Each structure stands twice: as structure tokens, then as C-alpha cells.
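Report on the following structure.
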There are 2 protein chains.
Amino acid sequence: MTGRTGARTETRGTPPAEPGPGGTAPPPPPAPPVAVALAHEIVPPALLDWIARLGPDLATLCGYQMGLCDAEGAPGRPGPAAGPDRRTPEGTDASGRPGGGKLVRPALALATAAAAGAEPKEALPAALAAELVHNFTLLHDDVMDGDRVRRHRPAAWVRFGTPLAILAGDGLLALAFEVLSSHPAPGGAEVTGDLARALRQLCLGQGRDLLAAAVPPTAGSAPPGSPGAAPGTEDTAAGTVPEISPEDCLRTLEAKTGALLGFACRAGAAYAGAPLAAQEAFERFGSRLGLAFQLQDDVLGIWGRPGRTGKPALSDLRARKRSAPVVAALASGTAPGRRLAKLYARPDPLGEDELALAADLVEAAGGRDWTLAEAERWREAGWESLRPLELSATGLAGLRELTGRLTDRSS
Amino acid sequence: MTGRTGARTETRGTPPAEPGPGGTAPPPPPAPPVAVALAHEIVPPALLDWIARLGPDLATLCGYQMGLCDAEGAPGRPGPAAGPDRRTPEGTDASGRPGGGKLVRPALALATAAAAGAEPKEALPAALAAELVHNFTLLHDDVMDGDRVRRHRPAAWVRFGTPLAILAGDGLLALAFEVLSSHPAPGGAEVTGDLARALRQLCLGQGRDLLAAAVPPTAGSAPPGSPGAAPGTEDTAAGTVPEISPEDCLRTLEAKTGALLGFACRAGAAYAGAPLAAQEAFERFGSRLGLAFQLQDDVLGIWGRPGRTGKPALSDLRARKRSAPVVAALASGTAPGRRLAKLYARPDPLGEDELALAADLVEAAGGRDWTLAEAERWREAGWESLRPLELSATGLAGLRELTGRLTDRSS
């Protein structure tokens with residue numbers, strides 16, 4: 001599976017330029033959603049103020065991690081991450097603003113506050129806390145997963161060493177709670193408790209991922225008589241059926257990505273002064289949208305175009321990640337699923353032909369269709385959670401504009 | 001310097017038995033202070049309940065880290081850490097209770113609540129949060145510092161792997177904030193904000209340590225004309241004068257140990273319903289006592305008897321730590337200080353004779369006396385912070401009983 005909090009999406013802002021169809025110039029990008037534009041205006045300066053509290057060395061590391069400075073602390077978007085994107089103006093990221101990542105979570109917090117009837121900037125503390133925690137997860141997950149590249153640059157632990165990267169993550173967590181407690185939400189809303197719960201969910205999700213990766217699939221572990229265990233056929237020769245059910249996979253993705261997006265929305269509503277029931281509805285909305293977003297991302301991790309994803313084609317298969325389409329295919333009980341299990345159980349790296357074959361097997365086993373259908377189901381369920389709130393058309397439009405950009409990326 | 005939060009003290013509970021003077025049986029140990037006994041009664045079961053929220057695998061790791069179970073999750077004090085202590089009954093730790101570390105921070109929180117006039121158990125959330133954060137720092141610091149042994153057993157990262165150890169630390173932090181926010185202190189005291197600030201201080205202190213360790217002393221870095229730079233003498237041939245001033249050292253120790261003990265006391269007072277000014281006074285008390293405690297510990301790291309410290313003699317010198325006595329000696333401008341700098345600059349390991357010489361040089365340069373004097377100064381300053389509060393004799397006696405045990409260990 002992919003990073004704890006939609007990690008891959010962070011690498012997608014600024015891939016190299018690609019010619020449009022037929023070699024013509026790319027079409028002009030759409031304007032960024034209002035909440036995204038506001039997030040890019042008010043969040044990076046505030047982040048810089050907060051991370052300065054960690055002292056110059058950790059602040060530089062955190063700024064580098066967040067794309068706010070280079071590894072020496074010089075401000076602005078650093079070299080390797082800069083570059084035109086066919087969906088965005090040159091030198092900006094997918095949101096149309098320079099530097100600082102896509103700020104998905106801050107934008108969600110601000111848009112939620114607007115939908116809840118407040119000035120979006122009232123939710124700045126929620127926006128900052130969500131982004132600080134997001135970067136905490138990226139710092140620590142990159143260490144835990146051994147991922148060496150982040151936003152087209154060396155991961156922070158590669159550049160600054162593992163100890164400082166761990167410590168910087170800890171520092172960002174401290175700041176997240178400090179932001180919230182120094183700017184209490186109106187009406188005594190318990191946002192620090194909400195963040196603590198979300199943080200625990202993030203840890204649970206990452207733990208499931210780590211443990212699933214650590215336990216090699218057991219030969220013959222499928223129950224006798226199950227499709228995966230059909231004896232005496234070539235398909236079961238490898239005998240490896242990873243013990244992750246599609247339901248487990250959804251639970252993990254919800255914990256890893258849904259929890260923090262759920263927090264961003266809930267806290268956005270809390271800072272807007274929304275009542276508890278509305279905060280809870282917004283949390284469900286964010287959590288379900290986050291799950292849809294991550295499922296979509298797992299599809300892109302196999303079939304996304306490198307020019308858009310910023311990653312090599314088939315990268316999740318190359319790393320033999322058990323992303324949602326793969327899990328669904330392995331659990332499908334189909335012949336392509338069993339052939340995929342064999343490929344995944346091979347100790348040696350897969351060649352290009354085998355990677356292409358693996359992608360075809362995932363698709364033939366129904367893994368792609370299942371994942372896209374689940375993404376759609378959770379997107380719909382997310383919107384369903386907001387129905388009791390009777391939001392204004394304007395507020396809803398802002399949320400739809402933002403989340404449509406997030407989850408409608410099936411190319 | 002030593003661990004972020006008085007790490008060494010955690011390894012001292014259960015060294016092998018030593019005969020008393022003249023080979024007679026050891027004297028019976030004194031009864032543990034009241035707050036320590038209470039902490040050992042109510043804190044471990046509550047910790048086990050909380051860590052269960054992280055799921056079975058992380059809970060086992062956390063229980064192992066805290067000395068509440070073995071590496072397979074079986075309850076009780078695990079083998080290698082068990083054993084008689086000449087100051088405590090067999091099979092118990094220095095506090096006279098089985099398992100679970102010494103619970104210094106929880107005991108401080110409970111004793112502070114009592115001193116502030118409440119039932120000590122009212123401060124259980126403060127006690128739990130402090131102990132959870134303490135173990136978070138141990139988990140992460142052991143990874144960052146590469147320390148392989150903790151409480152006479154393999155450190156958690158050695159036993160469970162670095163990724164899970166990092167993640168478990170993150171999980172403990174989440175729980176600490178969850179404990180506090182799910183049990184708000186009376187009168188709206190902002191304990192989560194207090195914890196966030198303390199956590200940031202812990203990170204700042206650890207960052208100073210990491211960065212000081214990472215930068216090798218520069219040849220000839222002492223300013224011309226300063227005692228360390230006297231040219232042409234044998235003493236300066238190594239040319240390495242570590243650029244840590246005694247004041248820097250005190251600041252780092254205060255951040256690494258003082259901050260969390262300060263939080264434990266402040267939060268103990270907050271849960272006792274003490275007014276803000278009293279909370280602040282108790283925080284200063286805890287922070288200063290913590291500094292005294294760590295300075296004392298740094299003396300034991302060189303001159304402590306292995307039977308009491310649970311570490312080999314001269315262990316801090318062997319690791320060439322820049323603990324407080326060493327920093328003071330290096331900055332002393334004395335001939336022994338310059339000889340010590342030469343020894344510390346040697347690339348090869350120091351032999352036993354050289355280690356003994358180094359200890360003598362630290363002492364001759366005044367490093368031991370300075371550290372003990374500073375410990376005394378900060379202990380006194382700690383008590384001074386409580387003077388405006390006009391505490392009851394009983395409340396003060398409980399605190400004195402507890403902190404006397406902590407800081408009066410100069411043998």
C-alpha cells in the first residue's frame with residue numbers, strides 16, 4: 001500500500017512537461033479552487049513562523065520537507081522540484097501557486113469552514129495542524145518504509161540523516177498540538193482530542209502496513225477448498241496468497257488517509273463554530289473522501305501516466321506494493337489473480353514485460369474495476385454524510401470544486 | 001550528554017546483587033515514598049489499558065519498552081531485567097514495586113497534586129501522559145542515538161526493528177494527548193498545550209545533542225589567546241576544543257530532562273485544580289529539580305558504582321559523551337582540561353588506563369565539583385520556586401521525600 005497519508009499525491013505536482021495530444025501546446029490549466037488559492041496564500045507563511053520555533057536546523061529540515069525552502073534554508077521552491085506541469089502554469093504546482101506542496105488538507109479545512117458558514121480563514125489553526133501532521137507522517141513514513149525520494153528530491157532522512165528526520169517529525173507533532181491549543185476553537189470544541197484520535201488512527205494504519213510487509217506470505221495459507229488453494233495446478237505452484245482481504249485494505253487506507261482528512265474537515269467545522277453533530281458529519285465526509293482519494297491514487301500507482309504522477313509507470317507493481325487493486329486481484333479467486341500471486345512471490349525483481357503482465361493480470365482479475373467502484377462508492381458515501389446538514393449552495397459548491405479536483409483523476 | 005529524559009536512571013533499578021561492606025548481607029531497603037507506591041499501584045494497569053488502543057503488536061512493543069511485559073507480550077517483569085538490588089527487595093525495582101520502570105514522572109505528578117491539596121489520584125491523567133511521553137522519548141532517542149540496551153534488555157528498535165519502534169513512539173504521543181483531552185483538567189487548564197510546549201522543548205534539547213554530536217570539533221577552533229589555544233604546547237597538539245559551553249550544556253539538560261519533569265509537576269497541579277500561578281511555580285520546581293537530577297546523573301555516569309548504576313564504570317567517558325562534568329572540564333582553561341581534550345579527540349577507543357586518567361582529568365579540571373555545585377544550586381532554586389505557594393507541611397514532606405530520593409545519590 002502507499003504512504004500513510006496519500007503520500008504519492010505529493011509527488012505529482014510538478015512532473016516534466018509533456019506535449020499535448022498530437023504534439024500541440026498544453027491547454028491552459030484551470031484556475032485553482034478558491035480554498036486552494038487561499039490555503040497557498042495564508043498557510044505557508046504561518047507554517048514558516050511555526051517551524052522557526054524548532055530552532056534553525058530543524059526548521060530548515062522541516063521547510064525542506066514541506067517544499068518551503070531548499071536544503072540550505074534558502075526560501076522558495078528548490079530546483080529539482082520546480083518545473084512546468086501540463087496541468088498548471090510553469091513553475092507552480094498543481095494548485096497554481098509556487099512551492100509548499102499541494103496543501104490538500106489545509107484547503108479542505110478552509111473549505112469546510114466556509115461550507116459551515118464561517119470565514120474560511122477562521123480555520124487557519126485547523127489547516128496548519130493538518131499540514132504539520134501530514135508532514136510528520138511523511139517524514140516518519142519515509143524512514144520506516146525506506147522511501148528515498150519525496151517530491152522529486154531526496155527524502156529528508158536521505159538528505160539530513162535518519163535521526164534528524166525522526167526528530168523533525170516529532171517536532172512537527174508538537175507544533176500541531178501547540179497551534180491548536182494556543183488558538184482554541186469556539187464553544188470549547190475538543191480539537192486537540194480529535195487530532196490525537198486521528199493520529200492514533202494514522203499509527204494503526206501504518207502499523208498494519210508495516211506488519212503486512214514484514215510477514216512473508218505463507219505457502220499454502222489459503223484455506224483448503226478455497227479458489228486460491230486449488231491443488232495440483234500450475235497456478236498454485238508458488239503457493240503464496242497474501243493474507244490481506246479487500247476489507248482489511250480498505251480499513252488500512254481509511255486509517256492512513258481518511259483519518260487525517262477527516263480531522264481536517266472536522267476541525268475546519270469546529271473553528272467555524274459548527275455544533276458537534278455537524279463536526280462529526282464533516283469528519284465522516286473527510287474520512288470517506290480521503291478513502292476515495294487514496295483508492296484513486298492506488299489506481300494511478302499502476303496505470304497513471306508518468307507525466308502526471310511524477311513516478312515511473314507501474315511503480316507500485318515494481319515495488320510489489322499490495323495496493324488496493326493488487327489486493328482485490330489476489331483475493332479474487334480467479335486464474336489471473338493466482339498468476340499474479342505467483343509473480344508477486346518471486347524473489348527476484350520483475351522485468352518490464354513481467355510488470356506489464358502483472359498490470360494486465362490485476363485488471364483481468366477485476367482489481368482495477370473493484371478499486372474504481374469502491375472509490376466511487378466512498379465518494380458518494382462522503383457526500384451522503386453531509387446531507388443532514390442542509391448546507392448553503394455556495395458552501396457546497398466550494399467543497400465540490402475542491403474535492404472534484406482531488407478525486408477526479410482517473411486518467 | 002545523556003538521554004533526552006534522564007535515560008540512564010531507567011537502567012539502574014535492578015543491577016546484580018552486591019555484598020555490603022565487609023561481605024555482610026545488604027541492609028534492608030527503605031520503604032518507597034508514598035507517591036511512588038501509589039504510582040506503581042495505579043499507573044501500570046492504566047498504561048496497559050491505554051496502549052491496548054494501539055493494537056496488539058504495537059501494544060506489545062510499548063509494554064516491552066515500559067517493562068510491563070516481555071517481548072512476546074507475557075505480563076510481568078521479563079527475565080533479564082529482574083534480579084535483586086542491594087537497595088531494594090528481590091525482584092523489585094528501586095521503587096520497591098515489580099516492573100514498569102521507576103515511574104519517576106508519574107510519582108512527581110501525583111505528589112504535586114497532593115502538595116497542591118488534592119487527592120493524588122486526581123492527577124492520574126497527568127501521570128499517564130508524562131510516562132507515555134517519557135517512553136516516547138526513550139523509544140525515539142534510542143533509535144537516534146543508536147543505543148542498543150535499555151533496562152538491561154535489547155532496546156525496542158533492536159528487538160522489534162526501527163520502523164515499529166518509531167511508530168510505537170508516535171503512538172505513545174498520540175495516547176498522551178488523548179489521555180489529557182479525554183480527561184480535561186478542572187477550570188479549563190490547558191494541559192494539552194503545556195504538554196505540546198514541553199514536547200517541543202524535548203525536541204530542541206535532543207536536537208542540540210544530535211547536532212553537537214554530529215559536528216566533529218574543529219582543529220584550532222578556540223579563539224587565539226584563549227586558554228585552550230595556547231600555542232606550541234603538548235596540550236594543544238590535538239587542537240580540539242568542543243564548542244559546548246557549560247551554559248549550553250545546562251540549557252540542553254534543562255530542555256531534555258527539565259521540561260518533562262516540569263510538565264509532570266505543572267499538570268499534577270492543574271489536575272489538583274491549582275490556580276495558574278501555582279501551576280507555573282510547580283513547573284519551575286519540576287524543571288529545576290529535573291536539571292539537578294540530570295546533573296547528578298551525569299556525575300554517576302563517570303563516578304557511579306556499577307552495582308548501583310547498572311552501567312559499566314566510566315561508561316560516559318568510554319562513549320566520549322560530553323556530559324556536564326566533561327563539558328565543564330573542557331571549558332575550564334586548565335591544563336588537565338586541555339589534556340582531556342586531547343584524549344577526547346583521539347580517533348581510537350580509549351583503554352582502561354586512559355579512561356581512568358580521563359576521569360582524573362575531569363576531576364582535576366574541576367568538572368566534578370562544578371557539576372555537583374550546579375546540581376545543588378538548581379535543587380535549591382527548585383525549592384525556592386515553591387516558596388510563594390505556602391504549601392502545607394504534609395504536602396511539602398511528600399515532595400521532599402520523593403525528590404530527596406531522586407537527587408541524593410551522590411555515591
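As the structure is a computational prediction, the values presented were derived from the model and not from experiment. Proteins come first, then strands; the chains are lettered A, B, ... in the order of their sequence lines, and each starts at number 1.
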A:R200 vs B:E178, salt bridge (Lys or Arg N to Asp or Glu O under 4.0 Å): CA-CA, chis, key distance, verdict: CA-CA 9 Å; A:R200 176 157 58 80; B:E178 217 175 338; 2.6 Å; yes

For A:L167 and B:H140, run side-chain contact (heavy atoms from CB on, under 4.5 Å): C-alpha distance rounded to whole Å, both residues' side-chain angles, the deciding distance at 0.1 Å, then the answer. CA-CA 8 Å; A:L167 187 63; B:H140 282 195; over 6 Å; no

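Atom-to-atom distance recorded for A:L164:CG and B:L211:CG is 5.0 Å, nearest 0.5 angstrom. Between A:D170 atom CG and B:D170 atom CG the span is 6.5 Å, to the nearest 0.5 Å. Note that CG of A:L172 and SG of B:C203 are 9.0 Å apart. Values are rounded to the nearest 0.5 Å. One finds the CG atom of A:L180 at 10.0 Å from the CZ atom of B:F177 (value rounded to the nearest 0.5 Å). Separation of atoms CG (B:D141) and CD1 (A:I166) is listed at 9.5 Å; rounding is to 0.5 Å.
For B:L195, no part sits under 4.5 Å from any heavy atom of chain A, backbone or side chain. With a threshold of 4.5 angstrom between heavy atoms, B:L58 approaches chain A through side-chain atoms but not through N, CA, C or O. Heavy atoms of B:L204 lying under 4.5 Å from chain A belong exclusively to its side chain.
Closest of all the heavy-atom pairs between B:S181 and A:G193 is OG-CA, 3.0 Å. Considering every non-hydrogen atom in both A:A196 and B:A174, the closest pair reads CB-O, 3.6 Å.
Of the listed residues (B:R53, B:E190, B:R197), the one with the most heavy-atom contacts under 4.5 Å to chain A is B:R53.
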